[in-house]
Engineer: 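One structure is given below, represented as structure tokens, and several questions about it will come after.
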Amino acid sequence: MTTTNSPQSNDLEQRLDRLETSSAPKPWFRQASVIISIVALLLSLSATVYGEQRAGARDASTARDRLSGLIARLDALPKENASLIAQYADDPQTLANLGSSTQTELVVTSQQAADIISVIPDDVSGAEYYAVGAGLALAGNYGRAQAMFDTGLTRESDPQTQAAIWRTKASIYFGSGDLDRARTAMSEALSVFTSAGDSGSELQATYTEWQWSLGELFARQCSDAQVHLGRAREHLASTPASPVAQMYDGLVTQTESAAEECVP
């Protein structure tokens, strides 16, 4: 017996087929709710990263401004101290009290500046590393000062800054009795200007040789001090007359008198 489907039964089967098809699970990439959620997540992540970048930029800018202010203060403190010495030369007690306050401020300011540099090390110039290192050295924090100088030497900077860093490193070494390192550092300072050969370089060489002689005198290396004073004179003779040259001539003359009285 042959069974024939009625039009009604055919229609019912087609509806059931469509229902089964529509109820079957779709791949995730065809589900609108999933796609919307993913897009929302990506937008949220992008906004978060952008916000963090802007916050980081603001923090770096704030740190730079703070560092600039601290360096300006470090630059002013030695001048203020010299003024105090002149003003209170006849009042030792007041001078001692004010000097102590100045030294305390120097210690705190130099430490704060160094701490800021540790946060933004790549945004700091060689000259700024030198300024903070010099402040730390004056405050007696020689280890951290040398670390600042070493990093400063890796930054692009002008010859004067490079030479100043080497000279200050040498002064610290002379003070600690490490004469070999001191002399190496002074040689590095001189080499900065070797290839230039202009009057400015001769003045810098004069100043470096003079400062080198001071280090040797401090270490009671009298004959070495005399050698570097002689070299300072040679460089000075190659420079045209100027107020700076006259000042250096006076420094060398005074140190020559001290060298004559040097006792090993």
Side-chain angles (χ1 to χ4, degrees), residues 71-72 74-75 78-79 82 117 121 124-138 142 145-219 221-259 262:
I71 288 176
L74 287 174
D75 181 60
K79 301 172 186 176
I117 286 180
V124 181
S125 68
E128 289 168 329
Y129 271 103
Y130 168 67
V132 175
L136 288 166
L138 288 173
Y142 302 119
Q146 291 284 33
M148 287 286 157
F149 295 146
D150 289 340
T151 305
L153 288 170
T154 68
R155 299 292 190 266
E156 290 188 9
S157 57
D158 58 274
Q160 287 76 16
T161 297
Q162 293 280 313
I165 291 176
W166 282 116
R167 285 194 298 259
T168 311
K169 283 177 67 66
S171 295
I172 294 174
Y173 287 136
F174 272 124
S176 65
D178 193 341
L179 300 186
D180 289 339
R181 286 188 177 181
R183 290 162 179 165
T184 297
M186 279 299 186
S187 295
E188 291 287 351
L190 283 172
S191 70
V192 172
F193 302 100
T194 299
S195 59
D198 54 23
S199 60
S201 298
E202 291 294 334
L203 282 174
Q204 286 289 335
T206 299
Y207 181 76
T208 301
E209 291 286 4
W210 169 73
Q211 192 167 359
W212 193 336
S213 74
L214 291 180
E216 299 290 355
L217 281 176
F218 180 85
Q221 303 297 306
C222 305
S223 59
D224 290 301
Q226 294 281 8
V227 168
H228 291 291
L229 284 170
R231 292 176 183 173
R233 280 287 177 205
E234 292 173 3
H235 288 295
L236 195 59
S238 300
T239 63
S242 70
V244 175
Q246 184 176 2
M247 179 183 69
Y248 285 176
D249 179 71
L251 292 174
V252 172
T253 299
Q254 291 178 359
T255 309
E256 285 171 336
S257 298
C262 177

Engineer: List the residues meeting side-chain contact (heavy atoms from CB on, under 4.5 Å) with Gln146, not counting sequence neighbours, and say none if there are none.
Structural biologist: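 In terms of side-chain contact (heavy atoms from CB on, under 4.5 Å), with neighbours along the sequence ignored, Gln146 is linked to Phe149, Lys169, Ile172, Tyr173.
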Engineer: Could you tell me the separation between the CD1 atom of Ile165 and the CD atom of Glu188, rounded to the nearest 0.5 Å?
Structural biologist: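 Answer rounded to 0.5 Å: 12.0 Å.
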Engineer: Side-chain contact, heavy-atom cut-off 4.5 Å: Asp249 with Val252?
Structural biologist: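 In short, these two side chains do not touch, never coming nearer than 4.5 Å.
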Engineer: Considering residues at least two apart in sequence or located in another chain, which fulfil the side-chain contact (heavy atoms from CB on, under 4.5 Å) criterion with Pro78?
Structural biologist: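 If we apply the side-chain contact (heavy atoms from CB on, under 4.5 Å) test to Pro78, skipping adjacent residues, the hits are Leu138.
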Engineer: Taking atom CG of Leu229 and atom CD of Gln254, what is their separation to the nearest 0.5 Å?
Structural biologist: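 One finds 12.0 Å between CG of Leu229 and CD of Gln254.
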Engineer: Show your working on side chain to side chain contact (heavy atoms under 4.5 Å, CB included) between Met186 and Gln211 and close with a plain yes or no.
Structural biologist: CA-CA 9 Å; Met186 279 299 186; Gln211 192 167 359; 3.9 Å; yes
Engineer: State, to 0.1 Å, how close Ala163 and Ala189 come at their nearest heavy-atom pair, and which atoms those are.
Structural biologist: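 For Ala163 and Ala189, the tightest heavy-atom pair comes out as O-CB, 3.8 Å.
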Engineer: So how far is it from Trp166 CH2 to Thr184 OG1, rounded to the nearest 0.5 Å?
Structural biologist: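 So the CH2 of Trp166 and the OG1 of Thr184 are separated by 8.5 Å.
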Engineer: Do the charged groups of Glu209 and Arg233 touch, with an N to O distance under 4.0 Å?
Structural biologist: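 Salt bridge: no.
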Engineer: Let me confirm one number: the CD1-CD1 distance from Ile117 to Ile71, rounded to the nearest 0.5 Å.
Structural biologist: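 Rounded to the nearest 0.5 Å, the CD1-CD1 separation comes out at 6.0 Å.
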Engineer: Check whether any side-chain heavy atom of Leu190 lies under 4.5 Å from a side-chain heavy atom of Val192, and answer yes or no.
Structural biologist: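 The answer is no, as the side chains (C-beta and beyond) never meet within the 4.5 Å cut-off.
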Engineer: For Thr206, enumerate each residue passing the side chain to side chain donor-acceptor pair (under 3.5 Å) test, keeping only those at least two apart in sequence or located in another chain.
Structural biologist: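 Expected list: none.
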Engineer: Considering all heavy atoms of both residues, which atom of Gly135 and which atom of Leu74 are nearest to each other, and what is their separation?
Structural biologist: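 Heavy atoms of Gly135 and Leu74 come nearest at CA-CD2, 4.4 Å.
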Engineer: Return yes if a side-chain donor-acceptor contact under 3.5 Å exists between Arg167 and Thr208, otherwise no.
Structural biologist: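 Yes, Thr208 and Arg167 have a side-chain donor paired with an acceptor closer than 3.5 Å.
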Engineer: Please indicate whether Arg181 has more than 12 foreign heavy atoms, meaning atoms of other residues, nucleotides or ligands, lying under 6.0 Å from its CZ.
Structural biologist: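 No, because the 6.0 Å sphere around CZ of Arg181 holds 12 heavy atoms or fewer from other groups.
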Engineer: Would you name the heavy atoms of Ala245 and Thr239 that are closest together and state the gap between them?
Structural biologist: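 Minimum heavy-atom separation between Ala245 and Thr239: CB-OG1, 4.1 Å.
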Engineer: Starting at CE of Met148, measure out to OG1 of Thr168 and round the result to the nearest 0.5 Å.
Structural biologist: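 Going from the CE atom of Met148 to the OG1 atom of Thr168 covers 14.5 Å.
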Engineer: Checking the side chain of Tyr129 only, and the main-chain atoms of Pro121 only, is there a donor and an acceptor separated by less than 3.5 Å?
Structural biologist: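 The answer is yes, because a donor-acceptor pair under 3.5 Å joins these two groups.
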Engineer: Between Ala182 and Ala170, what is the shortest heavy-atom contact and its length?
Structural biologist: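 The pair with the smallest heavy-atom distance is O-CB, 3.4 Å.
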Engineer: I'd like to know if the side chain of Trp212 pairs up with that of Glu216 as donor and acceptor (distance under 3.5 Å, no hydrogens or angles considered).
Structural biologist: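 There is such a pair (donor and acceptor under 3.5 Å, judged by atom type) between the side chains of Trp212 and Glu216.
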Engineer: Return the OG1 to CZ distance between Thr161 and Arg155, rounded to the nearest 0.5 Å.
Structural biologist: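 Nearest 0.5 Å value for the OG1-CZ distance: 13.5 Å.
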Engineer: Please report the shortest heavy-atom distance between Ala145 and Leu136, naming the atom on each side.
Structural biologist: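 Closest pair (atom of Ala145, atom of Leu136, distance): CB-CB, 3.8 Å.
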Engineer: Just by distance, do the side chain of Gln160 and the backbone of Asp158 share a donor-acceptor pair under 3.5 Å?
Structural biologist: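 Looks like no, no N/O pair under 3.5 Å.
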Engineer: Where is the tightest heavy-atom contact between Ser125 and Glu128, given as atom of each residue plus distance?
Structural biologist: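 Heavy atoms only, the tightest pair is N-OE1, 2.9 Å.
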